[in-house]
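Let me begin by presenting the structure, written as structure tokens, before commenting on it.
Per chain, numbering begins at 1; letters A, B, ... match sequence-line order. For the numbers below, each heavy atom of this structure counts, side chains included, while hydrogens, waters and symmetry mates do not.
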Amino acid sequence: MSDKHTIYSAFAAKIDAALDAMVTAGTLPADLDRKNVSVEPPRDPSHGDLATNAAMVLAKPAKTNPRALAEQLVEHLSADSAVTSAEIAGPGFINLRLDEQIWRDEVLAIATLGEGYGRSAMGAGTRVNVEYVSANPTGPMHMGHCRGAVVGDALAGLLEFSGHDVTREYYVNDAGGQVDTLARSAHIRYREALGEDVGEIPEGLYPGDYLKPIGQALADKFGDQYVGADESEWLIEFRGASVAAMMELIKADLTLLGIHHDIFASEAELQAAGKPEVAEAWLRAHDLVYDGVLEAPKGKAPPEDWEPVELPLFRSTKFGDDQDRPIKKSDGKWTYFGADLAYHMQKAEAADELIDIWGADHAGTVKRIKAAVAALSEGQGKAIPFDVKLVQMVQLLRGGEPLKMSKRSGNFITIQDMVKEVGKDVVRFTMLTRKPDAQMEFDFAKVVETSKDNPVFYVQYAHARIQSTLRKAADEDLAPSADDLSHLTGQELDMIKQAAQFPRMVESAARAREAHRIAFFLQDLASAFHTYWNAGNDDPEKRIIVPQNRAVSAARLFLSVQIGQVLRNGLGILGVQAVEEL
RNA sequence: GCGCCAGUAGCUCAGCUGGAUAGAGUACCUGACUACGAAUCAGGCGGCCGGAGGUUCGAAUCCUUCCUGGCGCGCCA
């Protein structure tokens, strides 16, 4: 189950050993930096099974030329029984061809490891906290949150699969002014529930119908005692009830998407526990917070009501930000940033590494929070790797026509609408067919199409086709068997080679924190299977089920089962259910 | 004005942190169903990787500088 069992890392080790031998023999200087040495499949399969750039990377520091170095390496590598040929190509690549048995063994490895195929120990149990969604508890989720939710959840799944100890966390912003606004909006619905005609919801409050049930619940609970009452009498009560209700809505949406967080961290509780004060004290002690006056904002928008005020400022400029940032407002309350800073300190206490998934509209605040974590990780006495992944906007379309989204009017498209219409798996997979830091379009008409235009369908179809083939085989009294895999040749070996890349795809995707690569890999593998399957249309001898040749059929069925396994493992990372039939 | 993201085939997008002749799908053209599901497959057409400089054995990828589009930018959240 360890990464040592993958073909690519096995050969990386062999090349490493060959280099060691050359060092011992005195033909290569010791202490060369080998981190840029790669072992990869060549882009062009006709070049061989594996390629390494070792000779090119090391030639210069070794003060020799690439070809001379490559010749020595080839000599060592040719001695390996698994290598059928080793050639120097182009500017100094070494191309290796491997014994076919190596690839057949990989099919067995998939079978043996099953759901564990592709898992790796790369993460080494590193505790990674992934914070995602964190939508404000002022209403149900909408599309803007959805992509971040899916991307974050898939990333968490990917990191788990690659051996990290992942915590999925949601930061509940239940302390700012927006929850007071929520409470006031709920108060209106409360009066409405008691029979009052409240008319149009005033500007600045939340108009959505989703507040009507909470208004009713408050009416049931309190009767009319707060109808004419001063805000100070009911605000806290209404706020708590509304936030709780909104979180229930959001959790329901998340459940629809198959997302479950381990921790819902409350900003209000964080503040009540005095965490921001602790952070401030530490930062002041290290001269990272000081009392100062902000410069008037630059730019074209003239600051009409700008007044210079002294505020506690965090020295984010010391860490690359454009200006220092206030952690408290002039009314003495914490700014969002001040609380968020303390929140990240809290997360860092229980994690080795932090990842935030944010919407692109928060891009402007990335620098300051990175600065804060950089400063605070010193306080923890360890460097906390911290990454903010920005997820760009999604534009909703139907048949190429943009769908209007208006939160103001309250009739925006909800997650519930979307999942109901196209299904959880389609939403998740589609959101992952584009790298997150580029904008994407989501066309309702397209994602439900059962065609190649729709990648979800395409991958699912490959999996379903495998299952259907197995059912058909059972009817013919044929079963998958690994008794004689030497029947697997040609196109079958090609497909194995492709599937065999799954473990290294997982690792490189995990390293880059990019779950979408898994989605693309699955499309390629599905395509390979469809191609393979279809070869039987032209030539019945190439079908998976060849009734007159049971040994061949058994081997091909075995291979198909393992391809299905890899597809399932990949879909599993993305949180998409593999289907048995369409 | 500043920051972040993007710019790759007509269109939608990949490109595995610097590798070999830049890849898929779609559209268009040609071909394949007495079927383990043709919801698919095979072949063809299609490129100054936004422009210009630079770094090195080697650049779509890194640096500089422009251009275009998106998103942001005060004690909001």
Side-chain angles (χ1 to χ4, degrees), chain A residues 36 38 40-44 47 51 53 56-57 59-60 65-66 89-93 95 136 138 173 176-179 294-301 303 305-307 309 311 321-323 325-331 333 335-338 340 359-367 390 392-393 433-435 437-441 443 446 449-455 457-458 461-462 464-465 468-473 475-476 478 501 504-505 507-509 511-512 514 516-517 520-521 523-524 527 530-538 540 543-547 553 556-557 560 581-582:
Chain A
N36 289 326
S38 67
E40 293 176 339
R43 189 175 294 170
D44 183 346
H47 288 144
N53 62 356
M56 286 182 293
V57 173
K60 198 169 190 178
N65 71 71
F93 285 101
N95 292 326
N136 283 340
T138 55
N173 300 129
Q178 83 280 2
V179 286
L294 282 176
E295 287 173 37
K298 296 168 185 132
K300 52 191 171 183
D305 54 348
W306 179 260
E307 290 173 17
V309 179
L311 293 167
D321 200 1
D322 311 322
Q323 68 178 122
R325 304 291 175 177
I327 60 172
K328 268 185 191 169
K329 301 186 264 189
S330 50
D331 65 3
K333 289 183 182 163
T335 61
Y336 180 86
F337 171 64
D340 204 23
D361 49 345
H362 290 76
T365 63
V366 171
K367 276 186 180 174
L390 292 177
Q392 293 287 332
M393 305 285 112
T433 53
R434 186 86 162 89
K435 60 183 176 212
D437 44 12
Q439 291 152 257
M440 85 176 292
E441 294 177 348
D443 194 319
K446 266 193 183 156
E449 260 177 40
T450 55
S451 78
K452 207 159 55 172
D453 208 15
N454 178 357
F457 167 77
Y458 190 72
Y461 182 37
R465 208 170 212 183
S468 130
T469 306
L470 287 170
R471 288 191 293 270
K472 173 81 180 180
D475 291 345
E476 308 239 0
L478 280 166
Q501 295 198 36
R504 59 179 287 277
M505 279 308 304
E507 288 199 359
S508 70
R511 220 183 313 277
E514 290 183 348
H516 73 275
R517 291 189 197 175
F520 282 95
F521 170 82
Q523 287 182 70
D524 288 344
S527 173
H530 286 307
T531 299
Y532 173 57
W533 193 92
N534 207 255
N537 269 350
D538 299 331
R543 293 191 176 180
I544 295 171
I545 297 174
V546 186
S553 302
R556 289 177 180 173
L557 284 166
S560 302
E581 55 189 329
L582 291 165

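A donor-acceptor pair under 3.5 Å is formed between the side chain of A/S553 and the backbone N or O of A/V546. The backbone N or O of A/N173 sits nowhere less than 3.5 Å from a side-chain atom of A/N136 that would complete a donor-acceptor pair. Side chain of A/D322 to backbone of A/K367: no donor-acceptor contact under 3.5 angstrom is found. Of the possible donor and acceptor atoms, none in the side chain of A/S527 sits under 3.5 Å from a partner among the backbone N and O of A/Q523.
Here the separation of B/G74 from B/C66, taken at their P atoms, is 25 Å to the nearest Å. The separation of B/G44 from B/G51, taken at their P atoms, amounts to 28 Å, rounded to a whole angstrom. Distance noted for atom P between B/G1 and B/C41: 50 Å (whole Å). Using atom P as the reference point in both B/U61 and B/G43, the two lie 31 Å apart (nearest Å). Straight-line distance between the C1' atoms of B/C49 and B/A14: roughly 13 Å, to the nearest whole Å. One P atom belongs to B/G10, the other to B/C75, and the distance between them is 46 Å to the nearest Å. Rounded to a whole angstrom, the distance from the C1' atom of B/G23 to that of B/C45 is 16 Å. A distance of about 15 Å separates the C1' atoms of B/G58 and B/G54, rounded to the whole Å.
No hydrogens or angles were tested; on distance alone, nothing pairs the side chain of A/N537 with the base of B/A42 as donor and acceptor under 3.5 Å. With hydrogens and angles ignored, a donor-acceptor pair closer than 3.5 Å exists between the side chain of A/S330 and the base of B/C75. Between the base of B/C16 and the side chain of A/R511 there is no donor-acceptor pair shorter than 3.5 Å.
Applying side chain to side chain contact (heavy atoms under 4.5 Å, CB included) to A/I545 and the options A/L470, A/T469, A/D475 leaves one that passes, A/T469.
Of the candidates B/C76, B/U17, B/A60, B/U17 carries the atom nearest the A/E40 side chain, counting heavy atoms from C-beta on. Side-chain proximity of A/N136 to the nucleotides B/G70, B/G3, B/A77 is greatest for B/A77. Comparing atom distances between the A/S508 side chain and each of B/G7, B/C75, B/C16 picks out B/C16 as nearest. For A/W533, taking side-chain heavy atoms from C-beta onward, the closest of the listed nucleotides B/A38, B/C41, B/C2 is B/A38. Comparing B/U40, B/A22, B/C2 against the side chain of A/D322 picks out B/C2 as the nearest. Of all nucleotides listed (B/C75, B/A20, B/C5), B/A20 comes nearest to the side chain of A/R43. Nearest nucleotide to the A/L390 side chain, out of B/C4, B/C75, B/G19: B/C4. Distances from the side chain of A/V57 to the nucleotides B/U56, B/G19, B/A38 place B/G19 closest. With distances taken from any side-chain atom of A/K367 to the nucleotides B/C76, B/G72, B/C4, the minimum falls on B/C4. Each of B/A20, B/G74, B/C76 was ranked by its minimum atom distance to the side chain of A/L294; first place goes to B/G74.
Where A/T433 and A/P326 meet RNA chain B, the nucleotide closest to each residue was compared, and A/T433 sits on the side nearer the 5' end. Comparing A/R434 and A/T531 against RNA chain B, the residue whose closest nucleotide sits nearer the 5' end is A/R434.
Ring-to-base geometry does not place A/H362 in a stacked arrangement with B/G72 (centre distance under 5.5 Å, plane angle under 30° required). For A/F520 and B/A14, the ring-to-base geometry does not satisfy the stacking test (centroid distance below 5.5 Å, interplanar angle below 30°).
Pair assignment for B/C11: B/G25, on the basis of Watson-Crick or G-U wobble contacts that are both within less than 3.5 Å. Pair check for B/A6 finds B/U68; Watson-Crick or G-U wobble, both atom distances under 3.5 Å. In this entry B/A77 has no Watson-Crick or G-U wobble partner, no candidate having both defining distances under 3.5 Å. The base-pairing partner of B/A60, taking Watson-Crick or G-U wobble contacts with both distances under 3.5 Å, does not exist among the strands shown. Summarising the base pairing, B/A32 is matched to B/U40 through a Watson-Crick or G-U wobble pair whose two defining distances lie under 3.5 Å. With a cut-off of 3.5 Å on both pairing distances, B/C49 has no Watson-Crick or G-U wobble partner at all. Shown here, B/A20 forms no base pair; nothing in the strands shown gives a Watson-Crick or G-U wobble contact with both key distances under 3.5 Å.
Within the 4.0 angstrom heavy-atom criterion, only backbone atoms of the sugar-phosphate kind lie near A/G177; the bases stay farther away. Among the heavy atoms of the strands, none lies under 4.0 Å from A/R471.
Checking the phosphate oxygens (OP1, OP2) of B/A42, no side-chain nitrogen or oxygen of A/Y532 falls inside 4.0 Å. Not one side-chain nitrogen or oxygen of A/K435 sits closer than 4.0 Å to the OP1 or OP2 atom of B/U8. One finds no side-chain N or O of A/K60 lying less than 4.0 angstrom from the OP1 or OP2 phosphate oxygen of B/U56. Dashed line: the shortest gap from a side-chain N or O of A/R325 to OP1 or OP2 of B/C73 is not under 4.0 Å. Residue A/R517 places none of its side-chain N or O atoms closer than 4.0 Å to OP1 or OP2 of B/C16.
Between the NE2 atom of A/H516 and the P atom of B/U12 there is a distance of 18 Å, given to the nearest Å. To the nearest angstrom, P of B/U56 lies 19 Å from CG of A/N65.
Applying the 90° cutoff around 0 to the glycosidic angle, B/G43 is assigned anti. In B/U64 the base sits anti relative to the sugar, since the glycosidic angle is further than 90° from 0.
Taking both residues in full, the closest heavy atoms of A/H516 and A/R434 are given as CB-O, 4.0 Å, listed atom of the first, atom of the second, then distance.
Using the six-membered ring where Trp is involved, A/Y461 and A/F457 have ring planes that are parallel, under 30° apart on the 30 and 60° scheme.
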